[in-house]
Amino acid sequence: EKLASSKPGSKQPLSRDWNPVLERYRPKAVIGKGQFGHVIRARSKQSNEVVAIKQIKVADCQEHLQKVIREVSLLKHFSNVPGFTGTTRLIEAFSATVGNQFVVFIVMEYVPLTLADVLDNAEALALNEGHV
């Protein structure tokens, strides 16, 4: 099954930018789009775990590359802190060259709620200021 990389919820074929992911994961849905790429929900072919995969197209800008490295480093660090549940668990990160573009893929545990969902529903979830 292949999904579109253009609109969240779309079921059209993914662009070739996602080819490096298709060896290890089965895409299920596009769940977001950002300035530098997309996020899909997928299932690991090896473990059957549902994951979120963030695709980041790295521009020819050193500052942008440093931000990507910092994001992966922070996710990796917090994924290894026992009892820390403030972020999603990093499963893996890898890069590929697609055409003439350098692309980074960050694979994380899939969490169905976004931070905005949690904050919008803080009362219903019985969250108080100490939780936030």
Taking atom CD1 of I56 and atom CZ of F102, what is their separation to the nearest 0.5 Å? 10.5 Å
Find the distance between NE2 (H38) and CD (Q55) and round it off to the nearest 0.5 Å. 7.0 Å
Positive for side chain to side chain contact (heavy atoms under 4.5 Å, CB included) with K54, one of I31, I40, I106: I106
With a 4.5 Å limit on heavy-atom distance, are the side chains of E23 and K45 in contact? no
Residues that K57 engages under salt bridge (charged side-chain N to carboxylate O under 4.0 Å, His left out), provided they are two or more places apart: D17
Donor-acceptor list for residues 91-98 side chains, cut-off 3.5 Å, not counting sequence neighbours:
| from | atom 1 | to | atom 2 | distance (Å) |
| --- | --- | --- | --- | --- |
| E92 | OE1 | R24 | NH1 | 2.9 |
| E92 | OE2 | Y25 | OH | 2.5 |

